[in-house]
2 protein chains.
Amino acid sequence: MPPTGDAQETRRRLVEAAYREFAAHGIAGARVDRIAAAAGANKALIYFHFGNKDGLFTAVFEMIVSQALAEAPIDAADLPEYAGRLFDASEAHPDALRLATWHRLERAADQPPIQAVLDANQAKVDTIARAQAAGLITTRYTAAEILALVLTIANMWSVLSPEMHVTAPQDRATRRALVVSAVTTLIQP
Amino acid sequence: MPPTGDAQETRRRLVEAAYREFAAHGIAGARVDRIAAAAGANKALIYFHFGNKDGLFTAVFEMIVSQALAEAPIDAADLPEYAGRLFDASEAHPDALRLATWHRLERAADQPPIQAVLDANQAKVDTIARAQAAGLITTRYTAAEILALVLTIANMWSVLSPEMHVTAPQDRATRRALVVSAVTTLIQP
DNA sequence: ATTACTTGACTAACCGGTTAGTTGACAATC
DNA sequence: GATTGTCAACTAACCGGTTAGTCAAGTAAT
């Protein structure tokens with residue numbers, strides 16, 4: 001393609017194609033040529049716009065993080081439904097969780113924690129602590145522990161071994177109901 | 001090394017080295033040369049003994065699966081402590097869980113479920129169902145759902161985002177206690 | 001002597017990254 | 001309002017190191 005004067009659009013297409021490729025194959029397994037082809041762009045543009053393969057992954061990851069933080073705002077007064085919404089989000093965007101997992105496995109060790117996520121987590125912990133102080137939810141666990149439990153249970157189906165998916169309930173509604181119910185039981189004052 | 005007449009030992013060293021390499025870098029990221037060097041063996045031995053890279057991963061994975069199934073036998077009468085033992089196992093062998101995750105991300109889609117795991121899961125579900133019939137644990141959830149919850153919570157700390165590890169409790173005992181307590185709460189009749 | 005096992009040397013393909021050069025939009029100059 | 005220059009955006013071709021996988025030849029044990 002000749003220069004369109006719309007570099008933003010090209011970047012967008014590259015990030016989108018890279019999102020799919022990285023989610024499917026991880027960082028080591030992703031192929032720069034495949035990404036360029038899927039985006040209908042020249043491979044060198046990746047290096048022009050993002051520096052290198054890892055820079056491209058960073059761009060993709062930052063996009064997903066900001067999307068995830070925007071979606072599903074916490075409601076400490078109704079944590080079970082919050083967990084339900086997280087479940088819905090992970091069902092709607094299964095690639096997002098895969099990407100986060102690749103990030104954890106392949107990059108997290110040599111990458112500092114992301115400040116935006118730290119801040120978001122702290123805000124959630126604070127909200128939960130206030131709900132505890134108001135007597136809405138149990139004080140048996142710390143606010144951070146409750147958040148950890150909620151996040152874990154909301155994504156439980158995405159993390160279980162493939163074999164468990166054979167035995168466990170197949171339909172989405174039942175799975176969602178379990179998530180909501182488990183959180184309800186755990187946070188009861 | 002000259003032929004030692006002990007091919008079993010060479011296989012063992014290769015599988016052990018491959019275990020570390022695959023756990024650290026995944027299938028796509030693992031380097032066959034690094035594995036051979038770490039095992040003090042020639043690269044060709046991998047192809048002689050295991051066929052190809054994927055065959056080596058299969059050998060490693062089967063070893064881990066059989067170890068995991070042998071370790072931590074289920075005790076349906078005391079699921080909280082079972083969860084605690086699973087937690088202990090995942091802390092003692094963090095690489096095992098990483099390997100399982102790589103397997104899920106990189107191979108599970110084009111790999112049939114592993115029969116040994118299916119059988120083991122079914123046995124656990126049956127045990128839980130009996131404990132339910134005996135009135136020891138709640139019947140609010142199906143046996144399979146309870147197993148899913150227990151497995152999820154036992155490994156919760158290994159799956160949470162790196163950022164959560166900053167806010168969440170740092171010491172092992174506190175984390176273990178949360179796992180045990182959460183399961184206790186969930187399965188109460 | 002045969003079998004089982006091990007090796008160094010080799011290769012074809014792949015893959016991330018680079019480079020020299022092109023294109024179109026836009027603006028300054030005459 | 002043509003001409004010229006500049007720059008970001010883009011491309012085709014290429015490069016060198018890496019990687020999974022192969023093979024002929026050799027060695028120890030039986």
Side-chain angles (χ1 to χ4, degrees), chain A residues 1-61 63 99 102-103 105-107 110-111, chain B residues 1-62 99 102-103 105-107 110-111:
Chain A
M1 248 187 286
T4 57
D6 193 353
Q8 281 309 105
E9 168 61 15
T10 304
R11 283 178 66 102
R12 218 211 77 253
R13 286 205 322 278
L14 280 172
V15 169
E16 190 183 307
Y19 175 36
R20 289 185 220 282
E21 178 77 8
F22 282 127
H25 305 288
I27 301 175
R31 294 295 164 249
V32 173
D33 290 279
R34 277 202 297 254
I35 293 171
N42 189 279
K43 181 166 63 145
L45 284 179
I46 289 172
Y47 299 92
F48 178 73
H49 285 300
F50 304 100
N52 57 24
K53 193 188 192 182
D54 202 70
L56 179 55
F57 183 88
T58 299
V60 171
F61 193 68
M63 186 192 71
L99 204 81
W102 291 115
H103 169 80
L105 288 178
E106 300 192 85
R107 289 217 315 179
D110 24 67
Q111 196 91 355
Chain B
M1 249 186 283
T4 58
D6 192 354
Q8 279 310 104
E9 168 61 14
T10 304
R11 282 179 65 102
R12 216 214 76 251
R13 287 206 320 279
L14 280 171
V15 169
E16 189 183 308
Y19 175 36
R20 289 184 220 282
E21 178 77 9
F22 281 128
H25 304 289
I27 301 175
R31 294 294 164 250
V32 174
D33 289 282
R34 275 202 298 253
I35 294 171
N42 189 278
K43 182 167 61 144
L45 286 179
I46 288 172
Y47 298 94
F48 177 75
H49 285 300
F50 305 100
N52 57 24
K53 193 187 190 181
D54 203 69
L56 179 56
F57 183 88
T58 299
V60 171
F61 193 67
E62 282 173 355
L99 204 82
W102 290 115
H103 169 80
L105 288 177
E106 299 193 88
R107 289 218 314 180
D110 25 67
Q111 194 93 354

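Residue numbers start from 1 in every chain, and the chains themselves are labelled A, B, ... in the order their sequence lines are given, proteins ahead of strands. This is a predicted model, so every value here is computed, not measured. Both backbone and side-chain heavy atoms feed into the values below; hydrogens, waters and symmetry mates do not.
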Using every non-hydrogen atom in the two residues, find where [X] and [Y] come nearest and quote the distance to one decimal.
X     : Y     : value
A:R11 : A:F50 : NH2-CE2, 3.7 Å
A:K53 : A:Y47 : N-CE2, 4.3 Å
A:L14 : A:A36 : CD2-CA, 4.4 Å

Base, sugar-phosphate, or nothing: which does B:A36 touch, judged by heavy atoms less than 4.0 Å apart?
nothing

Name the nucleic acid region contacted by B:A28, choosing base, sugar-phosphate or nothing; use a 4.0 angstrom heavy-atom cut-off, strictly under.
nothing

Between [X] and [N], does any side-chain N or O lie under 4.0 Å from OP1 or OP2?
X     : N      : value
A:R31 : C:dC14 : no
A:T10 : D:dA9  : no
B:H49 : C:dC5  : no

State which residues pass salt bridge (charged side-chain N to carboxylate O under 4.0 Å, His left out) with A:R31; sequence neighbours excluded, sorted by chain then number.
none

A:E21 meets the salt bridge (charged side-chain N to carboxylate O under 4.0 Å, His left out) criterion, sequence neighbours left out, with A:R34

For [X] and [N], give me the distance from atom [atom1] to atom [atom2], rounded to whole Å.
X     : N      : atom1 : atom2 : result
B:L45 : C:dA4  : CG    : P     : 16 Å
A:H25 : C:dC15 : NE2   : P     : 11 Å
B:F48 : D:dG26 : CZ    : C1'   : 14 Å
A:I35 : C:dC15 : CD1   : P     : 12 Å
B:R13 : C:dC5  : CZ    : P     : 14 Å

Could you list all N or O pairs between the protein and nucleotides 17-21 of chain C that sit under 3.5 Å apart?
| unit_1 | atom_1 | unit_2 | atom_2 | d |
| --- | --- | --- | --- | --- |
| C:dG17 | OP2 | A:Y47 | OH | 3.3 |
| C:dG17 | OP2 | A:K53 | N | 3.0 |
| C:dG17 | N7 | A:K43 | NZ | 3.0 |
| C:dG17 | O6 | A:K43 | NZ | 2.4 |

With side-chain contact (heavy atoms from CB on, under 4.5 Å) as the criterion, how do B:F57 and B:R107 come out once you've worked through the C-alpha distance, each side chain's angles and the decisive distance to 0.1 Å?
CA-CA 10 Å; B:F57 183 88; B:R107 289 218 314 180; 3.5 Å; yes

